[in-house]
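These notes concern the structure reproduced below.
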Amino acid sequence: MQHYFQFLAHQLKGWPQQNYYLFFFSLGCQVMTLVGQAITPLTILTFIGTTLGVLCVLAINAAKSVNGVLGVLSAICFIITGYAAKNYLSIFEQLAYVATLDIPVLISANWNVNMAAKIRRFTGRSWVIALTSTVVIYLVSGWGIGTFTDDPRPWIDAISFAISLTAGVICFLRFNNQYIWWLASGLAQMVLWFISFRQGSATLAMFINSSIYLVNDILAFTISPWYNEKERHRVMAQETAYVGQLAHETH
């Protein structure tokens, strides 16, 4: 267990500097949002969830697998926030993240070790499958949530859910094309949570959180190991050295 906590601490190190800058900018925005409104259990929970959620997406951006732990904790907060706002598909979105990203990362030793060395790119067939899946999920989930619940924004909720669910699966399969979906997901979530805020169903913190996610996704195309070859080799070397150090300590 001690080695596992050491591993998690290591996974928070060695990120591109821009990731740390974005985290502290996000933290400042969320603190100002929190103290600028009535402080309730829901706003505090939202603050905790958004803080952990930003750390989670920044970890993915940096090709660091600490996102498993961070994702589970933030998902619990976001599920409660989504239920309070009646954005029911955002609940399923978080459950999908836990199923496709967090739990596999937590239980798969292979996925955790040197993720940067396992990054892949789409083929033509992969593009067709991913795009078709997104459209099908959108249509089915939009119809289902609009028919069987009182979700006031079923089709906006559905597009965010469909894009995010597909992105989660693409990320788990280690395709760097996930960031096209994450970028679209960030835009869709900004629309969803802004409308929810305007209609009095959510706090402004969720809109700010989606905005930070969007900035993170844009950064990924420039500095992340998923796209930046130089950064990928740096992270691979860092992870290889760490694994070697662990092997030395356990003998």
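All values reported here derive from a predicted model rather than from experimental measurement.
To the nearest 0.5 angstrom, Ile223 atom CD1 is 12.0 Å from Ile218 atom CD1. Here the straight-line distance linking atom CG of Asp217 with atom OH of Tyr179 works out to 6.5 Å at 0.5 Å rounding. Put simply, CG on Leu34 and CG on Leu204 are 12.0 Å apart, with the number rounded to the nearest 0.5 Å. In this structure, the separation between CG on Leu95 and CD1 on Ile103 is 9.5 Å, given to the nearest 0.5 Å. Phe47 contributes atom CZ, which lies 9.5 Å from atom CG of Leu52 (distance to the nearest 0.5 angstrom). Taken from CG in Leu45 to CD1 in Ile76, the straight-line distance is 9.5 Å, to the nearest 0.5 Å.
Neither side chain, Thr166 nor Ser133, offers a donor N or O lying under 3.5 Å from an acceptor on the other. For the residue pair Asn87/Ser196, the side-chain donor-acceptor check at 3.5 Å is satisfied. For Ser26 and Gln30, the side-chain atoms include no donor-acceptor pair closer than 3.5 Å. For the 3.5 Å distance criterion, the side chains of Thr43 and Thr46 fail to qualify, holding no donor opposite an acceptor.
Tested against Lys86, the residues Asp150, Thr149, Asp151 include a single side-chain hydrogen bond (donor to acceptor under 3.5 Å, both in side chains) partner, Asp150.
For Val235 against Ala116, the heavy-atom pair with the smallest separation is CG1-CB, 3.8 Å. The heavy-atom pair separating Arg120 from Leu173 by the smallest distance is NH2-O, 2.9 Å. Between Gly68 and Asp102, the shortest heavy-atom contact is O-CB, 3.5 Å. The two atoms that bring Pro225 and Arg232 nearest to each other are O-NE, 2.9 Å, heavy atoms only. Across every non-hydrogen atom of Ala59 and Val66, the tightest pair is CB-CG1, 3.6 Å.
No donor-acceptor distance shorter than 3.5 angstrom exists from the side chain of Arg198 to the backbone of Trp193, with no hydrogens or angles considered. Between the Gln178 side chain and the Phe175 main chain, a donor and an acceptor come within less than 3.5 Å of each other. Without hydrogens or angle criteria, Asn176 side chain to Trp226 main chain gives a donor-acceptor distance under 3.5 Å. Judged by distance alone, the side chain of Ser210 and the main-chain N or O of Met206 form a donor-acceptor pair under 3.5 Å. In this structure, the side chain of Ser224 engages the main chain of Asn61 through a donor-acceptor pair within 3.5 Å. Between the side chain of Asn177 and the backbone N or O of Phe122, at least one donor-acceptor pair lies under 3.5 Å. Remark: side-chain polar atoms of Ser164 are not paired, donor with acceptor, to backbone N or O of Phe161 under 3.5 angstrom. Judged by distance alone, with hydrogens and angles left aside, the side-chain atoms of Ser211 form a donor-acceptor pair with the main-chain N or O of Phe207 at under 3.5 Å.
Ring geometry for Phe221 against Tyr227 counts as tilted: the plane angle lies between 30° and 60°, on a 0 to 90° scale. Taking the six-membered ring where tryptophan is involved, the planes of Trp15 and Tyr20 are essentially parallel, since the angle between them stays under 30° and well short of 60°.
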Q) side-chain contact (heavy atoms from CB on, under 4.5 Å) between Gln189 and Glu93: does it pass, once the steps are laid out? A) CA-CA 11 Å; Gln189 289 187 34; Glu93 178 183 315; 3.0 Å; yes
Q) Where do Phe24 and Val54 land on the side-chain contact (heavy atoms from CB on, under 4.5 Å) test, with the steps shown first? A) CA-CA 10 Å; Phe24 286 111; Val54 168; over 6 Å; no
Q.
Quick one, Leu22 with Gln18, criterion side-chain contact (heavy atoms from CB on, under 4.5 Å). Give me CA distance, side-chain angles, the key distance, then yes/no.
A. CA-CA 6 Å; Leu22 183 57; Gln18 292 90 337; over 6 Å; no
Q: Take Cys171 and Ile60 through the test side-chain contact (heavy atoms from CB on, under 4.5 Å) and record every step on the way to the result.
A: CA-CA 9 Å; Cys171 179; Ile60 295 175; 3.9 Å; yes
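Other residues, nucleotides and ligands place more than 12 heavy atoms under 6.0 Å from the CZ atom of Phe23. Within a 6.0 Å sphere centred on CD of Glu229, other residues, nucleotides and ligands contribute more than 12 heavy atoms.
When ring centroids are compared, Trp182 and Tyr97 come within the 6.0 Å threshold.
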